[in-house]
Amino acid sequence: MRRETGRGPRAFDPVRVGHHETQAWASYYRHDWVRLLRAAVAMVGEGFQLGSVQTVRAAWHVLAANRAWAPYPDNDPDAAREHMRRFYELARRHGGLDLDPGRASELEVEWWRLHREHQHAGGSNDASPLVASLVDLYSYVYGAEPAGMLEAARWRVTAMDVSDAWVAAGCHLDDPLLAQERQALVASYTALRAAVGTSTPG
C-alpha cells in the first residue's frame, strides 16, 4: 500500500516529533487522555507517515497502551504490550518497516519498565540499562547499527530525567522544565534522524 506522504519513517522532522512527544508525556502524567490522543496522532503522523486513517488507528493503540501502563504499581503490562504490538503491526504494514510487531512491542514496553524503576529510584540508580534498552529498540525498529543509536538514547534518557523532575514538581504546564524536556527530545530525535536517515532497512 502506498503511503500518502511518500516520505516514510526515516524522514521525520525531529523538531515536530520532539514537540508532540513533549505534549504526549505531559498529558500522560496529567491523565489528560484526550490531549494525549491528539498528541499521539500528531506524533505518529509525523514520525511514521502511515496515512491519515492508519495514523488515527495507530495513535489509539498508543493511547490504550499508555492507559494500561499508567497505574502504579498495579498496571497491566500484557495489555500495554498487546496494544503496542497492534501499533507496530500498523507501522510494519503501512509504514514500510521490516520488523516483528511482537518483538518490537516487547522492546518498547521494556524501556517503559526500566524507566519506571529509574523514576521511582529518584534517578539515583544506574541509567545504563535504560539507555541500552532504547538502543535495542531503535536498532531493531529501524534496522540500524546499535552504535549509531547511542546518542539518541542518551538524550532521550536526559529528557526522561527532566520529565521526572517536572512530575515531582507538580506537573504544571507553565513550568520551564517542559521547555528543557522538549529540547532534550528534539536533540534525541535529531540524533536518531541523522542515524536512520541514511540506514538501509534490514
Side-chain angles (χ1 to χ4, degrees), residues 9 17-48 50 52-95 97 99-123 125 127 129-138 140-142 153 156-157 159-168 170-171 173 178 181 185 188-189:
V17 178
H19 172 74
H20 296 318
E21 185 147 15
T22 302
Q23 292 183 319
W25 285 11
S27 300
Y28 169 84
Y29 284 112
R30 291 169 63 89
H31 290 186
D32 189 339
W33 305 121
V34 173
R35 287 183 182 272
L36 176 53
L37 179 59
R38 291 173 181 166
V41 168
M43 184 172 61
V44 172
E46 178 60 40
F48 289 89
L50 305 182
S52 57
V53 174
Q54 303 307 329
T55 289
V56 173
R57 291 181 63 195
W60 187 87
H61 285 299
V62 170
L63 170 66
N66 277 272
R67 291 194 69 174
W69 183 260
Y72 179 81
D74 298 320
N75 61 353
D76 191 344
D78 290 338
R81 277 188 288 268
E82 176 57 19
H83 281 291
M84 290 310 299
R85 185 195 66 77
R86 295 182 185 185
F87 166 82
Y88 278 113
E89 175 61 31
L90 291 169
R92 183 193 66 79
R93 188 181 305 167
H94 302 283
L97 291 174
L99 51 76
D100 173 2
R103 177 59 178 155
S105 70
E106 290 173 359
L107 292 170
E108 181 79 38
V109 177
E110 175 63 7
W111 82 254
W112 295 8
R113 183 187 70 81
L114 289 169
H115 168 248
R116 179 159 283 185
E117 289 183 357
H118 185 65
Q119 180 182 24
H120 288 278
N125 61 340
L130 179 53
V131 172
S133 72
L134 290 165
V135 169
D136 290 343
L137 173 67
Y138 289 155
Y140 181 74
V141 167
Y142 292 100
R156 192 174 180 87
V157 171
M160 291 180 210
D161 287 341
V162 177
S163 175
D164 295 343
W166 175 78
V167 171
C171 298
L173 294 178
L178 278 182
E181 178 185 322
L185 282 171
S188 176
Y189 280 112

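Both backbone and side-chain heavy atoms feed into the values below; hydrogens, waters and symmetry mates do not. Quick caveat: nothing in here was measured; it's all calculated off a predicted structure.
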So does [Y] get a backbone contact from the side chain of [X], meaning a donor-acceptor N/O pair under 3.5 Å?
{"X": "Ser27", "Y": "Gln23", "result": "yes"}
{"X": "Tyr29", "Y": "Gly170", "result": "no"}
{"X": "Arg116", "Y": "Trp69", "result": "yes"}
{"X": "Arg156", "Y": "Leu185", "result": "no"}

Nearest non-hydrogen partners of [X] and [Y], listed with the distance:
{"X": "Val17", "Y": "Met43", "answer": "CG1-CG, 4.2 Å"}
{"X": "Ser133", "Y": "Trp111", "answer": "OG-CB, 3.2 Å"}
{"X": "Ala68", "Y": "Ala80", "answer": "CB-N, 3.9 Å"}
{"X": "Ala59", "Y": "Ala40", "answer": "CB-C, 3.7 Å"}
{"X": "His94", "Y": "Leu50", "answer": "C-CD2, 3.9 Å"}

Taking the side chain as C-beta and beyond, is there a heavy-atom pair between [X] and [Y] under 4.5 Å?
{"X": "Met160", "Y": "Leu130", "value": "yes"}
{"X": "Trp25", "Y": "Leu36", "value": "no"}
{"X": "Trp33", "Y": "Tyr28", "value": "yes"}
{"X": "Phe48", "Y": "Thr55", "value": "no"}
{"X": "Leu134", "Y": "His115", "value": "no"}
{"X": "Glu106", "Y": "Glu110", "value": "no"}
{"X": "Pro9", "Y": "Leu97", "value": "yes"}
{"X": "Val44", "Y": "Gln54", "value": "no"}

Gap between atom [atom2] of [Y] and atom [atom1] of [X] - 0.5 Å precision:
{"X": "Leu90", "Y": "Arg85", "atom1": "CG", "atom2": "CZ", "value": "9.5 Å"}
{"X": "Arg67", "Y": "Asp76", "atom1": "CZ", "atom2": "CG", "value": "13.0 Å"}
{"X": "His19", "Y": "Tyr189", "atom1": "NE2", "atom2": "OH", "value": "13.5 Å"}
{"X": "Leu37", "Y": "Trp60", "atom1": "CG", "atom2": "CH2", "value": "10.0 Å"}
{"X": "Glu46", "Y": "His20", "atom1": "CD", "atom2": "NE2", "value": "6.5 Å"}

Side chain to side chain contact (heavy atoms under 4.5 Å, CB included) evaluation trace for Phe87 with Ser105: CA-CA 8 Å; Phe87 166 82; Ser105 70; over 6 Å; no

Distance-only polar pair, side chains of Asn66 and His83, donor-acceptor under 3.5 Å: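 Short answer, no.
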
No-hydrogen, no-angle side-chain donor-acceptor test under 3.5 Å, Arg103 and Tyr88: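 Side-chain D/A pair, Arg103 to Tyr88: absent.
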
From CA spacing to verdict: side chain to side chain donor-acceptor pair (under 3.5 Å), Asp164, His118: CA-CA 9 Å; Asp164 295 343; His118 185 65; 5.4 Å; no

Parallel, tilted or perpendicular: rings of Tyr142 and Tyr138 (30°, 60°):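 Answer is tilted, since the angle falls between 30° and 60°.
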
Arg92 atom CZ, neighbour heavy-atom count above 12 within 6.0 Å: yes

Worked check of side chain to side chain contact (heavy atoms under 4.5 Å, CB included) between Val141 and Glu108: CA-CA 10 Å; Val141 167; Glu108 181 79 38; over 6 Å; no

